[in-house]
Amino acid sequence: MVRPLPLPARPRPCRCIERGIGPLNAPLLQLAPIVPELILAIGAMALLMYGVFSGEKSSGTVSAAAVVLLIAAGFAVMLIGGTPRSAFGGSFLFDGFARFMKVLAFFGAAITLLMSHDFLKRAGAERFEFPILILLSATGMGVLISAGDLIALYMGLELMSLALYVIASIHRDDLRSTEAGLKYFVLGALSSGMLLYGASLIYGFTGTVSLAGIALALKGGPIGLGLIFGLVFLIAGLAFKISAVPFHMWTPDVYEGAPTPVTAFFAAAPKVAALAIFVRAMVTGFPAATLQWQQIIVFVSLASMALGAFAAIGQSNIKRLMAYSSIGHMGFALVGLAAGTASGVQGVAVYIAIYMVMTLGTFACIIAMRREAGPVETIEDLAGLSRTNPVIAAALAAQLFSLAGIPPLAGFFAKFYVFSAAVDAKLYVLAVVGVLTSAVGCYYYLRVVKIMYFDEPAAPFVPARFEIKAVIVLAALFVTLFVVYPAPLVAAAGAAARSLF
């Protein structure tokens with residue numbers, strides 16, 4: 001008896017079809033994590049074409065459109081689902097930590113653009129390329145924050161940095177601006193070489209460039225000397241981007257020479273992205289080598305806090321003072337990373353969020369330092385500001401008190417979270433030195449306040465534009481009222497930190 005052949009099994013429908021998603025749309029869903037970066041990159045290309053065909057008169061329109069694109073990218077970040085996702089085989093990660101840091105970075109870039117247009121126009125440095133370079137730099141920040149391997153890390157870092165080198169010297173008729181761009185480029189190239197050398201050593205000793213793969217390769221095995229060397233060079237490259245000691249030498253000259261809105265951008269958004277990948281690389285890629293990288297971070301943090309506290313004392317230019325202040329604050333932020341715990345990373349996230357608001361508010365006040373003859377930058381030009389412009393004087397005093405870490409302003413809570421994490425991790429020396437250097441730093445912040453409130457008034461400044469006043473007032477309100485309701489920021493930072501552990 002001949003048995004009939006069995007019928008072929010009915011093929012199981014694709015999961016994407018079962019869920020009502022067409023197979024052609026499935027690859028598009030895999031690109032969901034990079035939608036914010038696509039918005040910025042495609043928008044930048046479109047605005048570049050518009051600017052080329054419209055000429056320099058289009059700079060105002062391009063700047064406004066760039067702000068809209070940055071806001072749209074920020075909303076896209078928040079709208080992407082809460083579950084962690086990845087793209088390109090794990091090279092691009094999207095988790096709670098990436099969401100938190102990207103919103104900060106895009107927000108900082110948008111505020112900088114709002115403050116920059118009128119300043120550059122008055123200085124004769126208005127270019128439609130400037131907002132496009134900001135967009136491209138923000139795209140690099142997004143890639144950097146989400147980097148899941150060393151190749152994506154380098155790509156994001158260079159995309160961010162190349163645009164920064166150009167905008168540092170955007171005022172081509174100003175010798176200081178040109179010099180700042182050249183110094184930044186030369187030293188940035190050196191740091192990139194160090195980072196690449198470290199990445200190559202790490203790849204050679206682990207056999208992978210993936211952060212998750214590196215962590216797996218190091219798990220349970222000895223940490224060789226070659227890998228430690230690679231880790232040192234990797235940290236050196238990243239420390240340059242956050243201007244931490246001993247890779248800080250570019251910061252005072254570039255901050256002073258670049259146009260003030262560009263300096264505000266350097267001090268805010270790129271610091272968020274660089275610190276984010278610093279945390280992700282150490283915590284995600286090298287958990288088995290925590291003891292090794294913790295010692296390096298402790299040294300860098302101590303040196304940055306000390307130099308930032310003492311080197312700023314004798315400064316007469318307020319932008320150079322803010323440069324050394326930035327170096328010190330990156331040292332404070334690294335205290336949380338040195339702890340190597342979830343609470344430490346939460347402290348870093350809280351710190352960088354508050355620091356960015358304080359920095360933008362302070363630089364908005366510096367941008368408002370303008371007389372009929374042009375902008376001024378020396379601290380002595382603030383003499384008697386409380387009598388000529390009491391609102392800006394009060395707002396700047398609030399920012400400076402917050403930067404000094406005086407309670408109950410937001411800066412105090414930023415330092416409290418990182419120092420608490422250090423104490424919990426038994427890094428008592430680091431916490432004590434942090435408190436002492438904070439006390440030293442109070443001197444040069446309070447000196448500026450003394451000049452504003454007790455010295456004889458200098459010539460008044462011309463009235464600032466509405467967007468500058470808005471940033472000044474909102475930043476002052478944030479640092480003053482943070483104590484009333486800190487829960488949303490602290491909770492968001494905690495969720496971001498837990499996504500890495």
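The figures that follow rest on heavy atoms only: side chains count, while hydrogens, waters and symmetry mates do not.
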Visitor: Just checking, K415 and F332: is the charged tip under 6.0 Å from the six-membered ring centre and within 45° of the axis?
Guide: yes
Visitor: Does a donor on one side chain sit under 3.5 Å from an acceptor on the other, for T341 and S343?
Guide: yes
Visitor: Can you check side-chain hydrogen bond (donor to acceptor under 3.5 Å, both in side chains) on S325 and Y444, steps first, answer last?
Guide: CA-CA 10 Å; S325 171; Y444 58 82; 4.7 Å; no
Visitor: May I ask you to check whether W250 and Y184 place their ring centers less than 6.0 Å from one another?
Guide: yes
Visitor: Quick one: do L430 and M305 satisfy side-chain contact (heavy atoms from CB on, under 4.5 Å)? Show the steps, please.
Guide: CA-CA 10 Å; L430 191 60; M305 290 188 294; 3.9 Å; yes
Visitor: Please report the C-alpha distance between I214 and L150 in whole Å, then the side-chain angles of each, then the deciding distance to 0.1 Å, and finally whether the side-chain contact (heavy atoms from CB on, under 4.5 Å) criterion is met.
Guide: CA-CA 10 Å; I214 293 169; L150 299 177; 4.0 Å; yes
Visitor: Can you list everything that forms a salt bridge (charged side-chain N to carboxylate O under 4.0 Å, His left out) with K183? Sequence neighbours excluded, please.
Guide: E179, D253
Visitor: Show the numbers, then the answer: is there a ring pair (Phe, Tyr, Trp, His ring centres under 6.0 Å) between F482 and F478?
Guide: CA-CA 6 Å; F482 179 79; F478 175 85; 5.7 Å; yes
Visitor: Can L159 and L144 be said to form a side-chain contact (heavy atoms from CB on, under 4.5 Å), step by step?
Guide: CA-CA 9 Å; L159 180 56; L144 184 62; over 6 Å; no
Visitor: Hydrogens and angles aside, do K271 and T359 bring a side-chain donor and acceptor to less than 3.5 Å of each other?
Guide: no
Visitor: Quick check on I406: does its CD1 atom have over 12 non-hydrogen neighbours (other residues, nucleotides or ligands) under 6.0 Å away?
Guide: yes
Visitor: In terms of the angle between their ring planes, are F88 and F92 parallel, tilted or perpendicular, with boundaries placed at 30° and 60°?
Guide: perpendicular
Visitor: When the ring planes of F266 and Y255 are compared, do they come out parallel, tilted or perpendicular, using 30° and 60° as the limits?
Guide: tilted
Visitor: Among L427, L334, I296, exactly one meets side chain to side chain contact (heavy atoms under 4.5 Å, CB included) together with S301. Which residue is that?
Guide: L334
Visitor: Please evaluate residues R498 and D95 with respect to the criterion salt bridge (charged side-chain N to carboxylate O under 4.0 Å, His left out), reporting the C-alpha separation (whole Å), side-chain torsions for both, the decisive distance (0.1 Å), and the verdict.
Guide: CA-CA 10 Å; R498 287 190 295 272; D95 50 20; over 6 Å; no
Visitor: Answer with yes or no whether the side chains of H248 and Y324 bring together a donor and an acceptor at under 3.5 Å.
Guide: no
Visitor: What do you reckon, are the aromatic ring centroids of F229 and F233 less than 6.0 Å apart?
Guide: no
Visitor: Start with the C-alpha gap between V345 and F501, add the side-chain angles, then the distance that decides, and say whether side-chain contact (heavy atoms from CB on, under 4.5 Å) holds.
Guide: CA-CA 10 Å; V345 175; F501 290 87; 3.7 Å; yes
Visitor: Ring centroids only, cut at 6.0 angstrom: are F240 and F247 within range, meaning strictly under it?
Guide: no
Visitor: Should S243 and S326 count as side-chain neighbours, where that means a heavy-atom distance under 4.5 Å?
Guide: yes
Visitor: Any salt bridge linking R320 with E256? Criterion: basic side-chain nitrogen under 4.0 Å from a carboxylate oxygen.
Guide: yes
